[in-house]
Amino acid sequence: MSIITIILCLGIVSLIVAVFFRQRVLAVKVEDGAASAEELSRLTEISTAIAEGAMAFLNREYRVMGLFMALFAVVIYAAVDHGLYTAAAFIIGAATSVVAGFIGMRIATKGNVRTASAARVSLQKAFSVAFETGSVMGFGLTGLAVIGLILVWLGIDFFLPLSADITREIQMEILSGFGLGGSAVALFARVGGGIYTKAADVGADLVGKVEAGIPEDDPRNPAVIADNVGDNVGDIAGMGADLFGSVAESTCAALVIGAASYAVMPESAQNLNVVLFPMLVNGVGIVASILTLPFVRAKSEDKVERALKSALLISTALMLVALYPITMWAFGDATFMVGTIMVNAMGVYTALAVGLVAGLLIGLVTEFYTSHRYKPVREVADAAKTGAATGIIYGLALGYNSAVVPMLLIAISVVIGYVSAGMYGIALTAIGMLGTIAVGLTIDAYGPTSDNAGGIAEMAHMGADIRKRTDSLDAAGNTTAAIGKGFAIGSAALTSLALTSAFLTRAQGVMAKEGKTLDLTLTDPHVLAGLLVGAALPFAFSAMTMKSVGKAAFDMIEEVRRQFRTIPGIMEGTGRPDYAKCVDISTKASIREMIPPGLLVILTPLIVGFLFGPQMLAGLLIGALITGVMLAVSMANSGGAWDNAKKYIETGVHGGKGSDTHKAAVVGDTVGDPFKDTSGPSLNILIKLMAIISLVFAAAFATNGGILIR
């Protein structure tokens with residue numbers, strides 16, 4: 001069986017698993033968990049409102065993105081060699097990412113109400129429904145990524161077969177358009193979804209919980225439906241597009257570097273096992289993830305978080321074992337040079353293994369800094385006893401401190417990856433870190449599903465015992481979501497570095513043919529200027545997205561206050577809030593506010609590359625990578641710590657719900673909302689998207705760039 005057939009079959013298996021779990025989720029009857037016809041009516045009404053709001057947002061967002069994708073495809077067609085094929089790959093990548101977002105959103109809005117209903121049966125049943133809902137997203141998206149990559153490559157190989165002018169390197173550079181399409185969608189999905197969810201969340205918390213003193217997800221709060229919609233558009237569609245882009249981009253980076261290096265060896269073009277090996281790794285991850293599923297069980301409330309974490313541990317262990325024979329089979333005795341490093345099967349396996357282990361360790365470090373089972377978050381909760389200010393100070397300090405170990409792990413991964421297989425090894429560490437992406441996405445999607453289930457249970461008045469079960473599911477999902485963000489940031493760092501390496505490899509190759517050299521001396525003023533500008537970009541981007549959340553939240557807060565003042569009986573429960581108005585405010589604000597930061601990310605590498613050349617652009621990419629990763633980790637972990645400090649207090653410590661300490665923690669959580677769900681995660685895409693744009697336009701920059709410094 002050829003490697004192409006194996007990759008296709010593994011991708012199809014992933015989609016079959018996704019369809020299987022979709023049918024299992026839909027087979028759960030909501031009425032089986034409803035205590036009465038009235039409760040069933042409320043469950044149906046609330047879940048329908050959430051689903052309609054989520055799909056309405058996606059439709060509007062994707063219409064705006066569709067216009068942008070069409071315009072950007074024209075730019076690619078005009079500026080890139082073989083632009084028609086690269087533009088086609090770009091459109092296919094974008095469309096695949098959109099389809100993945102729709103799949104995740106649809107099942108999440110079906111699974112949330114079924115999780116709430118199943119919670120009346122048992123905790124185990126509710127956990128199973130939420131986890132299987134996440135599995136649809138995890139395996140569906142991974143399958144689409146694997147199948148999309150191999151089919152697009154087959155199309156490129158058919159229309160542009162190998163010749164004197166068409167090399168494997170050129171084919172893989174064209175394939176990078178697929179990753180660019182996925183990442184471009186991810187940028188707008190992440191930023192737009194993040195602004196949406198946090199505008200609703202901040203408005204619901206500040207006015208509802210702090211000012212009005214009503215519980216979280218109380219149906220009297222007009223922003224509560226928008227808040228639950230936001231969980232889906234931010235954490236389902238946004239995170240899914242983010243990690244879809246990471247899989248495609250890291251694979252493309254390894255393919256470009258591998259093709260460029262292996263091309264100089266005899267008969268290299270015929271050895272597809274080596275050329276397509278990065279795609280095969282993604283397929284092996286699907287098998288490891290499937291084998292993990294039977295071991296994920298939660299028998300009691302205190303074991304939910306452990307069950308989710310065990311999925312990561314088991315899938316990583318299985319992947320480590322499976323990759324060794326697969327790597328030895330694919331490479332055999334094949335060797336090739338990447339720079340001055342001789343690459344062989346053992347070096348490739350070492351790079352992959354380092355990425356896998358580093359990803360797991362980053363996740364565990366993130367858990368330590370964001371779970372209230374450990375000292376750092378409890379210190380933040382203790383600090384809230386003296387007010388919101390001290391709680392915020394401790395949360396910021398926690399975030400800064402939490403960035404140190406992940407950066408060290410990334411640094412170690414880079415060194416070992418390079419020693420093992422050169423620049424190709426760095427790309428493989430990124431692929432290794434994403435090897436268990438199907439399980440990682442499953443756990444990520446589980447979080448907002450269980451969060452929505454808790455909100456639905458509260459709004460449907462299902463009772464305190466049911467809410468207690470959904471809260472235990474949500475609390476575990478909150479921690480695993482933080483782990484997922486740490487995992488996504490770490491993989492984004494390695495992916496960006498791999499893409500930057502591929503960009504430099506391609507640019508140097510083009511310039512060498514023209515008798516030019518690419519000087520990357522650190523003391524060169526152009527490189528230094530690029531480093532400084534790049535280092536500033538994550539701060540400018542974060543400021544834009546934070547301010548966007550503030551603007552949208554201001555409109556939401558004013559609307560919630562207006563409804564509390566003007567709708568008779570709203571606080572008594574006899575008046576009905578205007579939920580649709582709050583949904584509309586979040587939708588309009590997110591669509592409007594996602595465009596400026598998106599343009600900043602997309603236009604910067606194009607302007608720098610064409611006006612100042614690949615030399616300054618290389619410095620810019622490295623500068624943005626270094627500060628972007630540090631800022632992303634610290635923001636995501638500060639936000640997660642503030643959120644879980646609040647949840648820790650809600651367990652009854654320091655006065656419990658309604659106490660002054662709790663109110664101070666709610667303020668901290670509100671400040672942390674855009675940290676962990678908008679700006680922090682969006683920085684992943686900033687560093688990846690700028691790098692893959694540079695790769696796709698590498699030949700154009702190398703040939704025509706530097707207009708202002710010639």
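Computed from a prediction, not measured in an experiment: that's the story for all the values here.
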>> What I'd like to find out is whether the side chain of F139 reaches to under 4.5 Å of the side chain of L293, using heavy atoms alone.
In response: yes
Scan the side chains in residues 242-255 for donor-acceptor partners under 3.5 Å anywhere in the protein, sequence neighbours excluded, and list what turns up.
from : atom 1 : to   : atom 2 : distance (Å)
D242 : OD1    : K688 : NZ     : 2.7
D242 : OD2    : N684 : ND2    : 3.0
S246 : OG     : D242 : O      : 3.4
S246 : OG     : K688 : NZ     : 2.5
E249 : OE2    : S183 : OG     : 2.5
S250 : OG     : S246 : O      : 2.8
S250 : OG     : V247 : O      : 3.3
T251 : OG1    : V247 : O      : 2.7
T251 : OG1    : N282 : ND2    : 2.9

>> What I'd like to find out is whether the side chain of I7 reaches to under 4.5 Å of the side chain of V146, using heavy atoms alone.
In response: yes
> Taking C-beta and beyond as the side chain, do M407 and M630 meet within less than 4.5 Å on heavy atoms?
Replying inline: yes
> Under the 3.5 angstrom rule, does the side chain of T604 hit a backbone N or O of V601 as a donor-acceptor pair?
Replying inline: no
> If you look at every heavy atom in M433 and S491, which pair is closest and at what distance?
Replying inline: SD-N, 3.2 Å
> Roughly how far apart are R22 CZ and I103 CD1, rounded to 0.5 Å?
Replying inline: 9.5 Å
> Can you check whether I693 reaches L180 side chain to side chain, under 4.5 Å on heavy atoms?
Replying inline: yes
> With sequence neighbours excluded, what pairs up with L318 under the side-chain contact (heavy atoms from CB on, under 4.5 Å) test?
Replying inline: A288, L291, T292, I314
> Which atoms form the tightest heavy-atom contact between S634 and A403, and what is the distance?
Replying inline: N-CB, 4.4 Å
> Hey, are R168 and D157 close enough for a salt bridge, meaning a charged N less than 4.0 Å from a carboxylate O?
Replying inline: yes
> Are the side chain of T436 and the backbone of V439 linked by a donor-acceptor contact shorter than 3.5 Å?
Replying inline: no
Contacts table for residues 354-367: side-chain donor-acceptor under 3.5 angstrom, sequence neighbours left out:
from : atom 1 : to   : atom 2 : distance (Å)
T366 : OG1    : I362 : O      : 2.8
E367 : OE1    : K309 : NZ     : 3.2
E367 : OE2    : K309 : NZ     : 3.2
E367 : OE2    : R373 : NH2    : 2.9

> For Y349 and F331, what are the C-alpha separation, side-chain angles and deciding distance, and is it a ring-ring contact (aromatic ring centres under 6.0 Å, His included)?
Replying inline: CA-CA 10 Å; Y349 175 74; F331 275 78; over 10 Å; no
> Roughly how far, to the nearest 0.5 Å, is the OG atom of S315 from the CG atom of L320?
Replying inline: 9.5 Å
>> If you apply the rule ring-ring contact (aromatic ring centres under 6.0 Å, His included), what do you find for F188 with F68, and how did you get there?
In response: CA-CA 10 Å; F188 291 107; F68 164 77; 5.2 Å; yes
> For the ring pair F131 and F21, is the centre-to-centre distance below 6.0 Å?
Replying inline: no
>> Taking the side chain as everything from C-beta on, heavy atoms only, tell me whether P406 gets closer than 4.5 Å to I489.
In response: no
